[in-house]
Structures are given as C-alpha cells and as structure tokens.
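Every value quoted in this text rests on a predicted model; they were computed, and no experiment measured them.
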Amino acid sequence: MSPTGSGAMGSGYGRHSAAQHAGLRAAGGMLDRALEAVPVPADGHAFRVADLGCASGTNAMEPMTRTVAGVRARRPGTPVWVTHTDIPANDFGALFATLSGPSSYTRTPDVFGCAQARSFYEPLFPPGELHLAWCSIAVHWLSRVPLPIDGHVYSSRASGAARTGLRRQSAEDWAAFLGHRATELASGGQLVVVGGAATDDGLSGAEGLFDLAVDELNDLVARGALTRGQLAVMTVPTWNRTTAEFVEPVVSGPFRDRFRLEEREFVVLDDPMWVRYDADGDLDAYASEVTASFMAAFGPSLFAGPAAVGPDVAQRFTDGLTARVRNQPEHGVARWRIQLLRATRL
C-alpha cells in the first residue's frame, strides 16, 4: 500500500488470485455474523460499506453481494453504498469493468458502488460514516520499506536491522489502519479483516516460491540482465503478522477501549493450483499458473519499483521462474496462512 506503486496489483490479478479468493471464502461465516450484529440504519438512510484494498474488485463481488443480502434480510429496501479503496497505482479501470459486469452486486436496485484512490493507512471517510469495514488479503502490504532485505526480496527471509525495521513498520501501519477505522466506523459498526498472516516462527507458507524467485533473480544478475544494485533494492513490501501482532493492539493495546474483538481464527489454506496439479498432472499448466499468480501479485513491486527494469527483463524472469517451478514443482506450493478477525466499534 505505497504511494510509489509498490503493493499495486499487476495486470491479470483478477484472473490469477485463486489463493486470495480461497482466503475470503473462509471468512464468509464471519461476515454473516457481522451483518447480523451491525446496526442497520432506518428511515431510508444508506448502509455504508468500505472495501479496503480492492485491487480489481474480482474478489469483492461475493462478499459485497453477501453484504447486500444480509442488510436487506434485516431491513428490506435499505440502500447500500460501497466504496472500494486502493492506492493510486491500482488498476481502477479493471475495478470499474468488474463493477459494471454481469456478476456485480451493483445490479441490485438501490445499491451503489464507487471508488477512492487512497491508502487505507490514511483517513478515508468522515467520522462515524461507516457501518461495515471489510478488508481481504491486503493489510500485509506495508506503507513503505524501511531497509532493503539483504540477499532476498521477501520479509520472512529478512534478518538483523531489516527484519526489525519491517516488524516496526508493520506495527505502525496496523496501528494507523485501526486508528482510522475506529474514527470512521459508527458505534456498533463492524470491522472484518482477512489478513495475510504468519505462524509464530514468522513463516507465511510461500517461502519456497520466493526462494525460487530469488534464485532466478540472481541468475539474471549472473547473465548481465540485472545489475547487483538493481537486485539490492528489489523488495516485496509486505509483512505477514503473527496472531499476537494482529490481536494485541485490540485486546490489550491502544485500541482496547475503541474495539471489542468478537472473533479470531487462524487458517492455513490449501494451494488451489497444487490441488489441480495433483489431480490432473499437467505440470506445464501448473508452472505457468504459479508464475502468472506470482507476477500478478508481486511483479509490480519487483520490476516497477525502485529497480525500474524494462519489460524484457520481467519477461526473462517470468520464463525462468516458470522453468524453475516446472523443475521443482513442490517448491512452488504456497500454503498461505491467514488471520480472520471481527471486531465491534465501541
């Protein structure tokens, strides 16, 4: 979630986000319970929703459709207003295409969708404006990277000062996120977060894939396609928080008087691409899909960030990573950890 574009999703993210979609499916019951608990406005006033970190909007259609149904089940005819937010570098053209598509929740009468191009680490709405704040697979993106990660591009492989800086930045960003939502949510409003997470050892479940990516980047340096200086500033600006890092600010930290934590659940997801490969044995399709998913989510951070490399280098990396996944398919598996949270604004 950086104003420079790091953390923006790449072209085709909506087509290559099966793991992210699996994560939000796991939160369906939690969202339903939030909709049962939240006060629904009377007298024709709109129920206001924030979809925080929307990307192309593909993965927002199901939860927003669910939200409209939940609100209307309690108070028929209530207008619903959804604001999708993401950083300015996001592909808002893809978002608006999704919103106008045949499966959009906006096809329902008196349901409205709009967008705002700002980071969710900033204020986004007037005080007390929101009834529901929904955020799915986005809060692991950091607002900035304090230090490059020596010898790697992924935060769980960081050590020393870089690791300390990333953890501190993550804590500051999470506090900013919670603080702004505490201001923007009305009393009784619901916050539902599906967050990219880590086990207590700091691992996210995708380390093997990122190791393959770094091997390929180092090979590009050896072949002269990248400079060592370019590689040194390549970083995926994320930090997958542990359960304690997610929960402590709400339960015993500065937000204990502003939110009540209602539910939390830690989930380890299966890799849907590996499941398909295990069933059909199509190694070429598996390797291509893994690489396409990686590039859609992380390619902009690596190749459109400070390193500023050309599309030819990105294509060579894509080809090389595909070959590496084909040669070591088990290393391409990403069994992501996610943290589900539901909190009530006091």
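- Side-chain contact check for N218 and R223: no donor-acceptor pair (N or O, by modelled atom type) lies under 3.5 Å.
- Judged as a ring pair (Phe, Tyr, Trp, His ring centres under 6.0 Å), the pairs with a partner in residues 225-259 (not counting sequence neighbours) are, in order, W174-F246.
- Contacts of R74 classified as salt bridge (charged side-chain N to carboxylate O under 4.0 Å, His left out), with partners at least two apart in sequence or in another chain: none.
- Looking at S156 and E207, their side chains do bring a donor and an acceptor atom within 3.5 Å of each other.
- Comment: R66 engages D32 in a salt bridge, judged by a side-chain N to carboxylate O separation of less than 4.0 angstrom.
- Checked for salt-bridge contact, R33 and E36 miss the test: no charged N lies under 4.0 Å from a carboxylate O.
- Rounding to the nearest 0.5 Å gives a distance of 12.0 Å between CG of L340 and CZ of R342.
- Under the 3.5 Å distance criterion, with hydrogens and angles disregarded, a donor-acceptor pair is assigned to the side chains of S143 and D173.
- A side-chain donor from one of S204 and Y154 sits under 3.5 Å from a side-chain acceptor of the other.
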Q. Given F210 and F298, is the ring pair (Phe, Tyr, Trp, His ring centres under 6.0 Å) satisfied, shown in steps?
A. CA-CA 10 Å; F210 277 96; F298 308 114; 5.0 Å; yes
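- T78 places a side-chain N or O within donor-acceptor distance of the main-chain N or O of R75, the cut-off being under 3.5 Å.
- T322 contributes a side-chain N or O that, together with a main-chain N or O of T318, makes up a donor-acceptor pair within less than 3.5 Å.
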Q) Does the pair H84 and Q116 meet the rule for a side chain to side chain contact (heavy atoms under 4.5 Å, CB included), with working shown? A) CA-CA 6 Å; H84 301 273; Q116 185 175 173; over 6 Å; no
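- With contacts defined as side-chain heavy-atom distances shorter than 4.5 Å, the pair S301/W141 qualifies.
- The other residues sharing a hydrophobic cluster with V268 are F266, where clustering joins ILVMFWY side chains under 4.5 Å apart.
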Q: Begin from the C-alpha positions of L209 and V333 and carry the test side chain to side chain contact (heavy atoms under 4.5 Å, CB included) through to its verdict.
A: CA-CA 7 Å; L209 176 58; V333 179; over 6 Å; no
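- Going from atom CG of L130 over to atom CZ of F125 covers 5.0 Å, rounded to the nearest 0.5 Å.
- Of all non-hydrogen atoms in A186 and G128, the two that sit nearest each other are CB-O, 3.6 Å.
- The backbone N or O of S155 sits less than 3.5 Å from a side-chain atom of R163, completing a donor-acceptor pair.
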Q. Under the side chain to side chain contact (heavy atoms under 4.5 Å, CB included) criterion, do V145 and T235 qualify, and how do the steps go?
A. CA-CA 8 Å; V145 176; T235 305; 4.0 Å; yes
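- Inspection of the R144 and Q169 side chains reveals an N or O donor paired with an N or O acceptor under 3.5 Å.
- Residue D319 qualifies as enclosed at atom CG: its count of foreign heavy atoms under 6.0 Å is above 12.
- Within the 4.5 Å cutoff, the side chain of L302 has heavy atoms near those of the V236 side chain.
- Under a hydrophobic clustering in which Ile, Leu, Val, Met, Phe, Trp and Tyr are joined whenever their side-chain heavy atoms come within less than 4.5 Å, directly or via other members, F120 and W81 fall into different clusters.
- Residues satisfying the salt bridge (charged side-chain N to carboxylate O under 4.0 Å, His left out) criterion with R167, sequence neighbours excluded, are E245.
- Between the side chain of S104 and the backbone N or O of L99, at least one donor-acceptor pair lies under 3.5 Å.
- No single ILVMFWY cluster, assembled from side-chain heavy atoms under 4.5 Å apart, contains both L203 and V139.
- V221 is not listed as a side-chain neighbour of T227, based on a closest heavy-atom distance of 4.5 Å or more.
- Residue-environment remark: CZ (R258) exceeds the threshold of 12 foreign heavy atoms within 6.0 Å.
- With sequence neighbours excluded, no residue forms a salt bridge (charged side-chain N to carboxylate O under 4.0 Å, His left out) with D201.
- Using the six-membered ring where Trp is involved, F294 and F317 have ring planes that are tilted, between 30° and 60° apart.
- Judged by distance alone, the side chain of Q190 and the main-chain N or O of G188 form a donor-acceptor pair under 3.5 Å.
- We find that R276 and E289 are joined by a salt bridge, their nearest charged nitrogen and carboxylate oxygen being less than 4.0 Å apart.
- Residue P146 comes nearest to G165 through the heavy atom pair CG-O, 3.3 Å, listed as atom of the first residue, atom of the second, then distance.
- Under the rule for a salt bridge (charged side-chain N to carboxylate O under 4.0 Å, His left out), R241 has no partner lying at least two apart in sequence or in another chain.
- Using a 4.5 Å heavy-atom threshold, the side chains of T199 and R337 count as touching.
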